[in-house]
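One-based numbering along the sequence shown. Just so you know, these numbers come straight off a predicted model, no measurement behind them. Each ligand, and each atom within it, is numbered from 1 in the order the structure gives.
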Amino acid sequence: MKLLLHACCGPCSLEPLRLLREEGHDITILFSNANIAPADEYARRLDTLRAWAESESVPVIDDVYEPAAWEAGAGRVGETALHAAGGNMEQVAIQPALREARCRACYRLRFERTAQRAAARGFDAIGTTLSVSPYQFTEVIHEELERAAANAGVAALFEDYRPFYDEATHRSRELGMYRQNYCGCRLSDAEAAAERDLRRRERAAERAARLEEHAAEREAEEAARATRRAERQAYADKQAKKRAALKELRNPQPAPLSKAGRALEDPAFHRHGKCL
Ligand code: SF4
């Protein structure tokens with residue numbers, strides 16, 4: 001089958017290309033990603049894809065870069081969702097439901113263009129590398145690919161490549177490919193930053209809780225040691241008293257003398273024979 005494969009980036013293209021080639025398809029890659037922002041990020045992803053595709057002898061078509069088209073559709077949907085979330089980027093980042101409509105609009109734009117280019121250039125079918133990522137909406141990708149293909153009169157060759165994500169990650173690292181840390185649009189960039197910040201704060205809170213727990217444990221141990229020390233001291237005091245009492249019993253002190261007795265003990269009494 002003569003296939004126009006929509007590619008979002010180099011790393012995500014590795015496994016789909018390998019698998020589709022094994023199936024015997026005649027593949028051309030289309031880089032149609034108006035979603036990517038800023039422009040130098042677009043250029044970097046395209047350069048990475050091109051360099052690898054050349055080494056694989058796969059032709060690459062670079063679609064016109066029109067970020068305004070993304071802003072008019074997916075961008076507007078994304079801003080509406082962000083507004084509904086009270087402008088809380090962190091919430092949008094951690095709640096996929098708040099991103100789904102925006103990503104659907106984004107897929108639609110890219111697949112419609114892919115399908116139109118495919119129909120215009122005589123391709124039989126379109127496919128996409130987007131379904132490699134477990135962070136995408138796989139079913140939505142499937143629906144939008146089918147929709148775009150049907151509208152343009154070409155076939156849709158959808159495959160769920162998620163089981164090959166780890167292999168794609170491993171191979172792209174081995175090849176030293178540039179690997180981006182956000183999906184592509186400006187909102188996903190801000191969301192990824194918000195999520196990283198959230199995870200950092202969570203890790204810091206966990207560390208603080210662990211330290212607090214250890215401090216409380218140390219305090220409890222110290223209190224237990226102090227109690228044991230006090231008990232030992234009380235025991236030693238008691239034993240000392242007992243020993244003193246026993247000594248007293250064994251060596252009783254003479255009883256104190258009366259006045260007459262003290263007079264008798266006085267040598268003056270004996271010198272003068274009478275009390276002075
Ligand atoms: S997160 Fe990715 S798929 Fe979703 S709108 Fe942004 S670039 Fe498109």
Checklist entry - Under the criterion side-chain contact (heavy atoms from CB on, under 4.5 Å), which of Ile29, Asp47, Val58, Val60 is the partner of Trp52? => result Ile29

Item to check | Pair Arg117-Ser32, side-chain hydrogen bond (donor to acceptor under 3.5 Å, both in side chains): steps then yes or no | outcome: CA-CA 10 Å; Arg117 307 286 181 271; Ser32 181; 5.8 Å; no

Checklist entry - Strictly under 6.0 Å, is that where the ring centroids of Tyr107 and Phe137 end up? => result no

Next on the checklist: What verdict does the salt bridge (Lys or Arg N to Asp or Glu O under 4.0 Å) test give for Glu15 and Arg18, after you've listed the backbone C-alpha separation in whole Å, the side-chain angles of each residue and the deciding distance to 0.1 Å?
Outcome noted: CA-CA 5 Å; Glu15 287 299 289; Arg18 180 180 68 78; 2.6 Å; yes

Checklist outcome for this item: Sorted by chain and residue number, the side-chain hydrogen bond (donor to acceptor under 3.5 Å, both in side chains) partners of Glu159 (sequence neighbours excluded) come out as none

Next on the checklist: Heavy atoms only, cut-off 4.0 Å: how does Arg110 contact ligand 1, side chain, backbone, both, or neither?
Outcome noted: side chain

Checklist outcome for this item: From the list Ser188, Pro67, Cys106, Cys103, side-chain contact (heavy atoms from CB on, under 4.5 Å) with Asn35 holds only for Cys106

Item to check | N, O or S atoms of the protein lying under 2.8 Å from atom 2 (Fe) of ligand 1 | outcome: Cys183 SG

Item to check | Aromatic ring pairing His6/Phe111, orientation class (parallel under 30°, perpendicular over 60°, tilted between) | outcome: perpendicular

Next on the checklist: If we only consider heavy atoms of Tyr107, is any one of them less than 4.0 Å away from an atom in ligand 1?
Outcome noted: yes

Item to check | Protein contact to atom 1 (S) of ligand 1 [nearest heavy atom, distance to 0.1 Å] | outcome: Arg102 NH2, 3.3 Å

